[in-house]
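The next block holds one structure in the form of structure tokens; read it before the comments.
Chain A is the first sequence line, chain B the second, and so forth, proteins listed ahead of strands; every chain is numbered from 1.
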2 protein chains.
Amino acid sequence: MVYNHPKLHVAVDCVIFGYEEGELKLLLWPRDIEPESGKWSLMGGFVQESESVENAAMRVLQRTTGLKDVYMEQVAAFSEVGRDPGARVISIAFAALIRVDKYDKELVHQSGALWWPVNKLPELIFDHGEIIAGGFRTLQSRASNELIGKELLPDKFTLMQLRLLYEAIFQRPFDPGNFRKKVLSLGVLERLNIKNTTESKKGAYYYKFNGQDEVAYNDRIFKIH
Amino acid sequence: MVYNHPKLHVAVDCVIFGYEEGELKLLLWPRDIEPESGKWSLMGGFVQESESVENAAMRVLQRTTGLKDVYMEQVAAFSEVGRDPGARVISIAFAALIRVDKYDKELVHQSGALWWPVNKLPELIFDHGEIIAGGFRTLQSRASNELIGKELLPDKFTLMQLRLLYEAIFQRPFDPGNFRKKVLSLGVLERLNIKNTTESKKGAYYYKFNGQDEVAYNDRIFKIH
DNA sequence: CCAAAAGTGTTGCTTGTACACCCATGT
DNA sequence: ACATGGGTGTACAAGCAACACTTTTGG
């Protein structure tokens, strides 16, 4: 059956978060064509006839970073008529969390992409600022409902590193003692018998996420100061 | 500029919630064409060249219920390739809350639509069951982050009516005393000097939402049993 | 020795939960 | 009189916030 109805360009845009040097960053590409040449943009791509928007987002992510099997979450559809002055394009935004020690740096570097700290973003094209804000809310929401870090930190990490990640995500400090107690009480971390001695004199135990992926979180977990 | 990329049918589907007789219901239409004739469906419509998806959803809602200026929230995009066997259609789902005392009953009745209790739904076409589940989660999420009822209850209502609404939304009982204290502590309700004497012997004060629409909710508000 | 992070403990406060209890009134 | 919902109060538990304090070790 053929529907006699308008067809539209549908794109996906990926808000790609990474964590590096104590800062939450996101990956942006310089735009080299008019209009708005010189500004920065999210990486996107058009949805094809034979794929879901989730597939399209994965495809875009793999094409640009070399990564597959990455955690992604749908943010929202952005569809104001004039959002892209060049053409009518509806965009479905996705938030992706990637580990900066794993992406294909060669590939990313070639394309001119750079990591930008979330609180020091450059000028962005179209409504990409709004899309990023949405992706950031999605990330915060996820981080308060379950313990994230597996997607952003190295395999083994100290509780300080995890805390700094959360401080970057929520842009506010957490009390070290309370953070430690809360996080450990969730029972999703396993202490290793190795210590990190580079970031403190005393040395801090490394932790890792213990396999049992799905713990039933009853409620919002982060109300820590 | 013309983009040399695929164009797709983009639809909106509205999950329309109403509250009546102590039950949370949603409005469904019988499908009278093959395939899946006889099953029920959400009301939807195609997004036009010159409108945002939000506009399209509003338009669909107004066309089917006569209502405008209704609270709506985007749920998510549903885009599996085979979701509509007739054609490739991406659907953006919206959740709408309407007051059953305000919609155009004539219009709705003509179209054959019926209100179905959320826990006794008929067979649904395509992935509309999944879409409804998403809309329901969106509703619950909103109801736990702020006090809803303005959109679903009459202008004046008793605290019992409000509680029954919340019990319908969360499908579990709330303690009457605790519910009352929590709700009143939010400071968004104003007590009227009228009593409802039809639903209890003693009579219960009517309340209404006081104008100041936006109260800053710091945290999830409903953790009441 | 001092600074800085690691790690543990304590205390007070807020908030939810589970009740008990009295009130008002229509039947 | 009694059942029913209206409305208030209380006692307990859980969880968070704030902060004190001890440990360890590199500089």
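- Residue B:Lys102 places its NZ atom among 12 or fewer non-hydrogen atoms of other residues, nucleotides or ligands, all under 6.0 Å distant.
- The pair A:Asp155-A:Arg99 counts as a salt bridge, with a side-chain nitrogen and a carboxylate oxygen less than 4.0 angstrom apart.
- Rounded to an integer number of Å, the gap from CG of B:Asn196 to C1' of C:dG26 is 14 Å.
- Between the CG atom of B:Leu186 and the P atom of C:dT15 there is a distance of 11 Å, given to the nearest Å.
- With sequence neighbours left out, the side chain to side chain contact (heavy atoms under 4.5 Å, CB included) criterion links A:Lys156 to A:Leu192, A:Ile194, A:Tyr206.
- For A:Phe209 and A:Phe157, the gap between ring centers is short of 6.0 Å.
- B:Leu114 meets the side chain to side chain contact (heavy atoms under 4.5 Å, CB included) test with B:Trp40, B:Trp116; sequence neighbours excluded.
- Counting to the nearest Å, the P atom of D:dG5 and the OH atom of B:Tyr206 are 16 Å from each other.
- The bend of the helix from C:dC1-D:dG27 to C:dT27-D:dA1, defined by the angle between the axes of its first five and last five pairs, stands at 10° to the nearest 10°.
- Per the geometry, NZ belonging to A:Lys182 stands 7 Å off P belonging to D:dG15, to the nearest Å.
- Looking at residues two or more places apart in sequence or on another chain, you find a salt bridge (charged side-chain N to carboxylate O under 4.0 Å, His left out) between A:Glu151 and A:Arg142.
- For A:Val75, the side chain to side chain contact (heavy atoms under 4.5 Å, CB included) test picks out A:Ala93, A:Ala95, A:Thr138, with sequence neighbours left out.
- Atom CG in B:Asp175 sits roughly 15 Å away from atom P in C:dC21 (whole-Å rounding).
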Protein and nucleotides 6-8 of chain C: nitrogen or oxygen contacts under 3.5 angstrom:
residue : atom : partner  : partner atom : Å
C:dA6   : N3   : A:Lys202 : NZ           : 3.2
C:dG7   : OP1  : A:Tyr205 : N            : 3.4
C:dG7   : OP2  : A:Arg180 : NH2          : 2.6
C:dG7   : O5'  : A:Arg180 : NH2          : 3.3

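- The local environment of CD in A:Glu199 is crowded, with over 12 non-hydrogen atoms from other residues, nucleotides or ligands closer than 6.0 Å.
- In this structure, CG of B:Leu164 is placed 11 Å from C1' of D:dG5, rounded to the nearest angstrom.
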